[in-house]
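The structure appears right after this line, and notes come after that.
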Amino acid sequence: MDAPFPSALHAAVLDWYDDHARDLPWRGVEATAWSVMVSEFMLQQTPVARVLPVHGTWLERWPTPTALAAEPTGEAVRMWGRLGYPRRALRLHAAAVAIAERHGGEVPASYDDLLALPGVGDYTASAIASFAFGERHVVLDTNVRRVLTRVVSGAELPSPAVTRVERDVATSLLPVDPATAATWAVATMELGALVCTARQPSCDACPVAGLCAWRRAGFPAYDGPPRRGQAWAGTDRQCRGRIMALARETDGSVPLGRIEGAWPVAEQRQRCLAGLVADGLLVAIGSELDEVLAYALPS
DNA sequence: CATGCGTGGCA
DNA sequence: TTGCCAAGCAT
């Protein structure tokens with residue numbers, strides 16, 4: 001039967017998006033699939049405001065996957081700058097190589113081909129197929145999850161991991177027409193990013209406030225399992241970040257002494273350096289006696 | 001399935 | 001100030 005809830009929800013969200021969508025460089029008719037793909041990698045856990053400038057310089061330098069694939073991985077890591085999680089730069093480079101080798105230099109359109117690329121999981125594959133190619137896919141990112149949890153389920157925040165029920169709900173709400181489904185996906189994401197935010201949602205400006213189960217229930221507070229925080233001070237993550245910052249800002253290799261100055265705790269420093277080398281983010285520069293003297297971005 | 005993985009802005 | 005959070009992925 002033609003339940004009023006979904007269609008009213010669709011109309012409200014799509015109309016809202018029509019009026020309020022941000023004009024982002026990876027949206028719109030002039031954006032290439034590669035531009036969309038680069039944006040999706042950069043936006044994994046990194047806010048739009050910080051992605052914008054790097055995305056621009058990245059595409060200027062590497063307008064195609066083939067252009068990136070021809071460069072050393074270290075150049076990608078350096079250009080990644082301070083977006084964080086630099087392994088994403090490595091994976092984007094590896095994905096570009098795979099696209100050059102397996103797909104004739106063209107970003108593949110199918111979910112399965114995309115999913116097979118390094119650094120591409122369910123979300124990113126769905127997003128690229130949907131936004132760059134207008135295909136019909138459930139796009140379940142943190143924004144969409146939050147919006148649907150509130151509007152449909154009546155809870156403040158989604159569970160730590162995607163549940164079967166959650167995916168079923170998202171699937172049932174996906175418009176049948178591919179183009180509409182793609183717009184629905186980006187529109188629900190945008191609503192979560194701009195209005196239905198995690199901490200202080202702007203329910204007054206929300207186009208679906210009248211349909212929202214969470215609002216109707218009186219905004220009950222989150223009561224699920226404790227959400228995982230991220231320790232920082234003194235962690236390997238901070239240590240690795242500091243070493244990588246040195247490597248990025250240094251032309252050539254970083255002498256061991258400078259790394260020791262940047263992180264005095266010897267055991268942890270060694271562990272992190274070994275990890276960075278194992279990840280492919282750094283290479284060790286040795287003497288003829290096989291003694292490590294410096295570290296550098298891979299060239 | 002839980003964990004590790006950067007970085008910075010904001011309340 | 002100190003958490004919390006931001007278009008996840010790989011293992």
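Each chain gets a letter, A, B and so on, in the order the sequences are listed, and its residues count up from 1.
Although no hydrogens or angles enter the test, the distance criterion places a donor-acceptor pair under 3.5 Å between the side chain of A:R78 and the main chain of A:T250. Proximity of a side-chain donor or acceptor of A:R248 to a complementary backbone N or O of A:G81 within less than 3.5 Å is detected. Checked by atom type and distance alone, the side chain of A:S159 pairs as donor or acceptor with a backbone atom of A:A161 at under 3.5 Å.
Using P as the reference atom, C:dT11 and B:dG6 are 14 Å apart when rounded to the nearest Å. Atom name P, nucleotides B:dC5 and C:dA7: the rounded distance is 22 Å, in whole Å.
A heavy atom lying under 4.0 Å from DNA chain C marks the following residues of residues 22-32 of chain A, by number: A:R22, A:L24, A:W26, A:R27.
Atom CZ of A:R150 and atom CG of A:L157 lie 5.5 Å apart (nearest 0.5 Å). In this structure, A:I243 CD1 and A:L281 CG are separated by 11.0 Å, a value rounded to the nearest 0.5 Å.
Base engagement by A:T46 is indicated by at least one non-hydrogen atom pair under 4.0 Å involving a base atom. Contact annotation for A:V120: backbone-only contact, meaning every heavy-atom pair under 4.0 Å involves sugar-phosphate atoms and none involves a base. At a threshold of 4.0 angstrom between heavy atoms, the contacts of A:Q200 with the nucleic acid are absent. When heavy atoms are screened at a 4.0 angstrom cut-off, A:P160 is found touching no nucleic acid atom at all. Nucleic acid contact class of A:A198 (heavy atoms, under 4.0 Å, all strands): sugar-phosphate only. Across all strands shown, A:R199 has heavy atoms under 4.0 Å from base atoms, whether or not it also approaches the sugar-phosphate.
Extent of DNA chain B lying under 4.0 Å from chain A heavy atoms, first and last nucleotide in 5' to 3' order, is B:dT3 to B:dG9. Heavy-atom contacts of chain A under 4.0 Å fall on DNA chain C between two terminal nucleotides, which in 5' to 3' order are C:dG3 to C:dA10.
With A:H10 as reference, A:W184 is the one residue of A:W184, A:Y17, A:W16 to meet the ring pair (Phe, Tyr, Trp, His ring centres under 6.0 Å) rule.
A:L52 and A:W80 end up in the same hydrophobic cluster when Ile, Leu, Val, Met, Phe, Trp and Tyr side chains are linked at under 4.5 Å. Side-chain heavy atoms closer than 4.5 Å link hydrophobic residues (I, L, V, M, F, W, Y) into clusters, and following such links, even through other members, never connects A:V77 to A:M42. Note on A:L173: it clusters hydrophobically with A:V162, by side-chain heavy-atom contacts below 4.5 Å among ILVMFWY residues. By the rule that hydrophobic residues join a cluster once side-chain heavy atoms approach within less than 4.5 Å of another member, A:M79 and A:V97 end up as members of separate clusters.
In this structure, A:G229 and A:Q44 both approach DNA chain C, and ranking their closest nucleotides by distance from the 5' end singles out A:G229. Mapping A:G241 and A:A161 onto DNA chain B by nearest heavy atom places A:A161 at the nucleotide closer to the 5' end. Both A:R50 and A:T124 sit near DNA chain C, but only A:R50 has its closest nucleotide nearer the 5' end.
Closest heavy-atom contact between A:A95 and A:F41: CB-CZ, 4.3 Å.
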